[in-house]
Amino acid sequence: MSVAFIEPFHEALIAPPAAITRLLGLVPALPMMAAGVIALLPQARRRIAAVLSIGSLGVSLLLALAAFAHVAAGWMGHERVREVVNFTWLHTGTQTVDLGWVLDPLSAVMLVMVTFVGLLIFIYSTGYMAHDKNFTRFFCFLSLFAGAMLGVVIANSLLLLFICWELVGLTSYLLIGFWYHKPSAAAAAKKAFMTTRVGDVFFLLGMVWLFAQTGTLLFYNGGAGSLEAGALLGLLNQHAAFGLTAAGAIGILIFAGAAGKSGQLPLHVWLPDAMEGPTPVSALIHAATMVAAGVYLIARVYPLMSAGATNGVTASLTVVAWVGALTAVFAALIAVAQNDIKRILAYSTVSQLGYMMVGLAVGGVAVGMLHLITHAFFKALLFLGAGSVIHGCHEEQDIRKMGGLRADMPLTFLTYSIGMLALCGFPFFFSGFWSKDGILEAAHAWEPSRGPFYLLAFGALLTAFYMSRQVGYVFLGTWRGHKTAHESPPVMTMPLAILAFFAMALGLIATPAWPWFRSFIEFKAAEFEVGALWEPAMLSTMGTSIVIVLLGLGLGFRLYGGNRAPASSEPDVLERPLSFVWVWLANRLYVDELYSATVLAFYAWWGRVADFFDRKVWGGMVAMAAGLGKLLAEMNKLIDQNFVNGGFDKGCEELATGGGLIASLQNGRVQSYLRILAVGVVLLSLALILIWSGKA
């Protein structure tokens, strides 16, 4: 069997790791150490906490840029760089558990994105959280969160990745529930933690299965890693249930973990509720870190997911494609009828994560990762822009109580509009257009079915519609609030301007005319070729995409532009003509209610059953055993006191009496001894006479 399909990067450079690779462990370690120091600071040390947090991530960004430059230098020199640093973590008998980190184009790109976007969010947070009494604790959690995500990115071991993965889950719980005095925030944090654990159980099963089959959890280890040709061939020769190979079954289990973190159906329910945390947390979770972790995981284990592919299609990738496509449309439909500015963006994130999953499944790592990177910038811009709006509107989040903010918040409006157009995929100057177009093109060419393409195309129409609806409510028309809005301070607006620039500029590395990003990820020469834009398939996809986006934007602004957005006391424009459908969409298609009536109800019932068995059955059995033990103890006491102790005491008493009698004979008088001797002689004589007479 040919192994070319297994390891698309089989020409990887095998060489001792460079100095920057050996230092790569500092990238996640620095924010984690900062978090440890901040945890020891008093709450009043706000400035020190901010400096430590921002400074540590700033140094991590410099190291990430150096790592990226090292990989880029190898790429430009036509040498594929994949360098690993592996080490033994612990010994268990004759076995060793190895961990390590890897530097390659995939990790290099992600490191720069996470540290850069995270740094802007950290800086923004100093303004947004300036008046929060728990400012210091907030930056402690932020630093730990960033460090955990960076650990996921550099991991060359599925075990190390899983450890950092769980740290991401823990810190997301802490940040979503940061305002724990709000019951809704505490509930959202628990919901996020428990829902993602469901996916993580399957992830853990896949990890254990992979170790059992390959004997290692290292990804790359000089040919002996679990993602290298030898291990993958062994997995393909092992058959699981339902016609799947071990590679396919393990891939699906790992995808279940990714679906939990990245909010894919049916584990998406936690992600919109994560809006209960502070807005910088929403930006960090929904743009650069937690939700991106699931997509990155699939990209990292892509050799496993694509093992044994026929024309790029495997069972596990097919599952990824359909789940992603359904998620994209499902979340976009719900976003249409939401009125919370952050919740609209949250469902948008769920939808866009579906696009990324489809991109990975039908187009490969470069297609899915390009949308992840562009989305990180424009979605961080949108969330931080939403935070600026909320800050300027005195903590108001209902878009129906806003309006006309383009005059009061001009910089926020400008940058938010750029983010909105990038998300919608407006041609041609916005990065989202090229990254989303690449996914649509790959989905259109996917051999098994055109279904994902049609679902994604409909999702793109909905995206343009609900974002133009949101902008119409928030920035156009007249002010509908109670207090006058104001622009946010520069510490909040400057990160918006930087993110807006990259939301547009990143399109330059993604166009088919100069596909720099795809070439870098796939280790190909990036050639400037304008003719690639005029290929029939490209023109057809671009034309379809442009028509869809313009139709969605036009419809949205037609209904909500100008002064047409209704007041907060009035129903939405579409609420009356689509009353039944609108109610369902506004209530998030009642998925949470469905889970409450089924899954949660089952566990509540099972809890009552367990309580009944614990109290009545097992408790009764324990009480019965205790009673039996008590009865036996009483019987033992009775026997012991009346028979054992009584017999022993009586024997001792008789022995004492006999001893006293004998002792009385031992009085030291010779005449008494002679009398006893005489009596004994007489008795002995009588006995002998009787014996003799009997014989006679």
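All residue numbers refer to positions in the sequence shown, counting from 1. All heavy atoms count here, side chains included; hydrogens, waters and symmetry mates do not. Since this is a predicted model, take the numbers as computed values, not measurements.
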- Tell me, please, which residues at least two apart from Lys190 pass salt bridge (charged side-chain N to carboxylate O under 4.0 Å, His left out). none

- Going by the angle between their ring planes, with limits at 30° and 60°, are Trp516 and Phe520 parallel, tilted or perpendicular? parallel

- Message: Would you call the rings of His371 and His375 parallel, tilted or perpendicular, taking 30° and 60° as the class edges?
- Response: tilted

- Message: So does Leu317 get a backbone contact from the side chain of Thr314, meaning a donor-acceptor N/O pair under 3.5 Å?
- Response: yes

- Query: Think Lys342 forms a cation-pi with Phe383, using NZ or CZ under 6.0 Å from the six-ring centre and within 45 degrees of its axis?
  - Reply: no

- In chain order, what residues pass the ring pair (Phe, Tyr, Trp, His ring centres under 6.0 Å) check against Phe203, with sequence neighbours excluded? Phe162, Trp165

- Could you grab the distance from atom SG of Cys164 to atom CD1 of Ile154, nearest 0.5 Å is fine? 7.5 Å

- Task: Could you note down all residue pairs passing salt bridge (charged side-chain N to carboxylate O under 4.0 Å, His left out) where residues 150-159 supplies at least one of them, sequence neighbours left out?
- Result: none

- Note on the structure: Taking every heavy atom of Val291 against every heavy atom of Ile285, the minimum-distance pair comes out as CG2-O, 3.0 Å

- Query: Going by heavy atoms in the side chains, are Met207 and Ile254 under 4.5 Å from each other?
  - Reply: no

- Query: Do you know which two heavy atoms are closest between Leu52 and Leu41, and how far apart they sit?
  - Reply: CD1-CD1, 4.2 Å

- Query: Is the backbone N or O of Gly251 less than 3.5 Å from a side-chain atom of Ser316, with the two atoms forming a donor-acceptor pair by type?
  - Reply: no

- Task: Please confirm whether Phe502 and Phe116 have ring centers closer than 6.0 angstrom.
- Result: yes

- In Å and rounded to the nearest 0.5 Å, what is the OG to CG distance from Ser226 to Leu304? 8.0 Å

- Check Ile439 against Val362 and note the closest heavy-atom contact, atom names and distance. O-CG2, 4.5 Å

- Message: Tell me if a side-chain donor or acceptor on Ser157 pairs with a main-chain N or O of Leu159 at a distance below 3.5 Å.
- Response: yes

- Task: Specify the closest pair of heavy atoms between Tyr128 and Gly387, including all atoms of both residues, with the distance to one decimal.
- Result: CE1-O, 3.5 Å

- Can you check whether Gly223's main-chain N or O pairs, donor with acceptor, with Glu228's side chain at less than 3.5 Å? yes

- Query: Do the side chain of Thr196 and the main chain of Ala192 share a donor and acceptor less than 3.5 angstrom apart?
  - Reply: yes

- Query: Does the pair Ser435 and Thr374 meet the rule for a side chain to side chain donor-acceptor pair (under 3.5 Å), with working shown?
  - Reply: CA-CA 7 Å; Ser435 60; Thr374 59; 3.0 Å; yes

- Query: For the side chain of Asn311 and the backbone of Val313, is there at least one donor-acceptor N/O pair under 3.5 Å apart?
  - Reply: no

- Sidechain-backbone polar pair: Ser56 side chain, Ala34 backbone, donor-acceptor under 3.5 Å: no

- Task: Measure from the ring center of Phe139 to the ring center of Phe135 and say whether it is less than 6.0 Å.
- Result: yes

- Evaluate the side chain to side chain donor-acceptor pair (under 3.5 Å) criterion for residues Ser143 and Ser53: first the C-alpha distance (whole Å), next the side-chain angles of each, then the deciding distance (0.1 Å), finally the verdict. CA-CA 6 Å; Ser143 292; Ser53 186; 2.6 Å; yes

- Task: Could you pull out the closest heavy-atom pair between Gly324 and Met357, with the gap in Å?
- Result: CA-CB, 4.2 Å

- Output the distance between atom OG1 (Thr245) and atom CD (Gln213), rounded to the nearest 0.5 Å. 10.5 Å

- Item | Residue pairs involving residues 300-309 (criterion salt bridge (charged side-chain N to carboxylate O under 4.0 Å, His left out); sequence neighbours excluded) | Asp104-Arg300

- Item | Donor-acceptor under 3.5 Å (Tyr355 side chain, Ala328 main chain) | no

- Item | Interatomic distance, Ile521 atom CD1 to Leu370 atom CG [nearest 0.5 angstrom] | 9.0 Å

- Query: What distance do Leu499 atom CG and Leu382 atom CG have between them, rounded to the nearest 0.5 Å?
  - Reply: 9.5 Å

- Kindly indicate whether the side chain of Trp179, heavy atoms from C-beta on, has any atom under 4.5 Å from the side chain of Pro278. yes

- Item | With Val85 via side chain to side chain contact (heavy atoms under 4.5 Å, CB included) - residues at least two apart | Pro17, Thr21, Arg22, Trp101

- Note on the structure: With sequence neighbours left out, the residues meeting ring pair (Phe, Tyr, Trp, His ring centres under 6.0 Å) with Phe202 are none

- Message: I need the minimum non-hydrogen distance between Leu372 and Ala292, along with the two atoms involved.
- Response: CD1-O, 3.8 Å

- Separation of Thr216 OG1 from Phe211 CZ (nearest 0.5 Å): 7.0 Å

- Message: Donor-acceptor check, side chain of Thr327 to backbone of Leu265, threshold 3.5 angstrom: yes or no?
- Response: yes

- Message: Less than 4.5 Å apart, side chain to side chain, heavy atoms only: is that true for Leu150 and Met110?
- Response: no

- Determine, for Glu276 against Lys191, whether the closest basic-nitrogen to carboxylate-oxygen distance falls under 4.0 angstrom. no

- Query: Under 3.5 Å, side chain of Asn156 to main-chain N/O of Tyr220, donor-acceptor pair present?
  - Reply: yes

